[in-house]
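Presented below is the structure to which this report refers.
Note that the structure is a prediction, hence the values are computed from the model and not measured.
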Amino acid sequence: MLRGLAGLAGLVAVLEVLPHTGLVSPDYLPPASETVRTLGSLLAEPTFWTALGDTLTGWVLGLAVAVVAGVAAGVVIGSVPVLRAVTASTIEFLRPIPSVALIPVAVLLYGTDLRSKLLLVVYASFWQVIVQVLAGMQDVDPVAEDTARSYRFGTWGRVRHVLWPTALPYVMTGVRLAATVALILTITAELVIGAPGLGHEIAVAQVSGAVPEVYALVLVTGLLGVAVNLAARAVERRALHWHQSVRTEVTA
């Protein structure tokens, strides 16, 4: 942690000194101190908190829908071999399509409404979850499955006691990845489509030439990404407290 903080302090020092050396114009890269002062003034404005709330609303709703849909679809498809074989090619065809390619569709359908943002966020995050769930369902120990059959477990019993404990580490990995992707697509939708949020505020600041405000808002999105990643890892450790990887990490 100390090394990480030292590296961060070094980066801040470089960003503070570089504009004063003449190598980069302060018109394009303001000193770090000016960016921090601008951020302080933004924190006192109600419009900033409204934009932050809009961004978090789109992120939370989109991530929740993607996780629920991805886990449900992954468990159903992964537990039925025929269904998995039938849908494999479709999943591999749809998954690589960039979410930003759906921006024209989202605008045509919903304009700059929250729903256009959710369309992009859900589409991008859904694949992160379902791919991990399918990998977890495929990683089930055949001996454990045979044991469940010998004890005459029903479908729900197999899912609850055999499939789900094996797939859960994969699920949490998918949720962690989806949380980051959802935040990226939320900001992207706001920036490109003009949906309300931090991305929209960045676009407005850029058009108006408020360079320090642009950097301050970008800094906020970066801090938000760090917070999302830390929160996702904390949830993952708590959900997998019984798993070997987490126990080893805690012991170390």
Side-chain angles (χ1 to χ4, degrees), residues 1 4 56 59-97 99 118 120-186 224-252:
M1 184 180 296
L56 291 178
W59 173 72
V60 170
L61 291 178
L63 180 62
V65 172
V67 169
V68 172
V71 170
V75 170
V76 172
I77 294 173
S79 58
V80 182
V82 175
L83 190 58
R84 180 178 176 86
V86 170
T87 58
S89 58
T90 303
I91 291 175
E92 291 304 318
F93 172 74
L94 295 175
R95 184 170 62 90
I97 298 177
S99 299
L118 292 179
L120 301 179
V121 173
V122 171
Y123 184 84
S125 305
F126 173 79
W127 301 113
Q128 304 294 327
V129 178
I130 190 173
V131 168
Q132 291 294 328
V133 174
L134 290 175
M137 300 290 285
Q138 199 171 17
D139 196 40
V140 175
D141 187 357
V143 176
E145 284 202 272
D146 292 340
T147 303
R149 290 193 188 93
S150 66
Y151 279 96
R152 297 182 179 179
F153 280 17
T155 302
W156 171 245
R158 287 178 58 245
V159 171
R160 179 182 177 185
H161 298 290
V162 180
L163 300 179
W164 183 248
T166 303
L168 186 57
Y170 293 86
V171 172
M172 296 311 301
T173 299
V175 171
R176 177 161 50 83
L177 295 174
T180 303
V181 170
L183 180 62
I184 293 172
L185 265 296
T186 300
L224 196 58
V226 172
V228 166
N229 187 55
L230 292 177
R233 287 188 176 275
V235 172
E236 183 178 19
R237 285 194 297 268
R238 186 171 183 83
L240 299 177
H241 62 89
W242 50 270
H243 196 260
Q244 181 181 0
S245 61
V246 175
R247 294 204 307 268
T248 304
E249 180 180 341
V250 172
T251 303

Gap separating the [atom1] atom of [X] from the [atom2] atom of [Y], nearest 0.5 angstrom:
X      : Y      : atom1 : atom2 : value
Met172 : Arg238 : CE    : CZ    : 11.5 Å
Gln128 : Gln132 : CD    : CD    : 8.0 Å
Ile77  : Thr90  : CD1   : OG1   : 9.0 Å
Leu56  : Leu61  : CG    : CG    : 10.5 Å
Leu134 : Asp139 : CG    : CG    : 12.5 Å

Output, in order, the C-alpha distance, side-chain angles, deciding distance and verdict of side-chain contact (heavy atoms from CB on, under 4.5 Å) for Glu236 and Val175. CA-CA 9 Å; Glu236 183 178 19; Val175 171; over 6 Å; no
Is the shortest side-chain heavy-atom distance between Tyr123 and Leu94 below 4.5 Å?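 With C-beta onward as the side chain, the pair touches.
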Trp127 side-chain N/O to Ala178 backbone N/O, donor-acceptor pair under 3.5 Å: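 Such a contact is absent between Trp127 side chain and Ala178 backbone.
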Residues Leu63, Val121; criterion side-chain contact (heavy atoms from CB on, under 4.5 Å); working and verdict: CA-CA 7 Å; Leu63 180 62; Val121 173; 5.6 Å; no
Option among Val133, Ile130, Val129 that satisfies the side-chain contact (heavy atoms from CB on, under 4.5 Å) test with Val67: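 Per the side-chain contact (heavy atoms from CB on, under 4.5 Å) rule, the option paired with Val67 is Val129, out of Val133, Ile130, Val129.
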Verdict with reasoning, Leu224 to Trp59, per side-chain contact (heavy atoms from CB on, under 4.5 Å): CA-CA 11 Å; Leu224 196 58; Trp59 173 72; over 6 Å; no
Taking all non-hydrogen atoms of both residues, which atom of [X] and which atom of [Y] are closest, and how far apart?
X      : Y      : result
Val122 : Gly62  : CG2-O, 3.6 Å
Met137 : Val75  : CE-O, 3.6 Å
Val181 : Ala124 : CG1-CB, 3.6 Å

Test log, rule side-chain contact (heavy atoms from CB on, under 4.5 Å), inputs Gln138 and Arg84: CA-CA 10 Å; Gln138 199 171 17; Arg84 180 178 176 86; 2.9 Å; yes
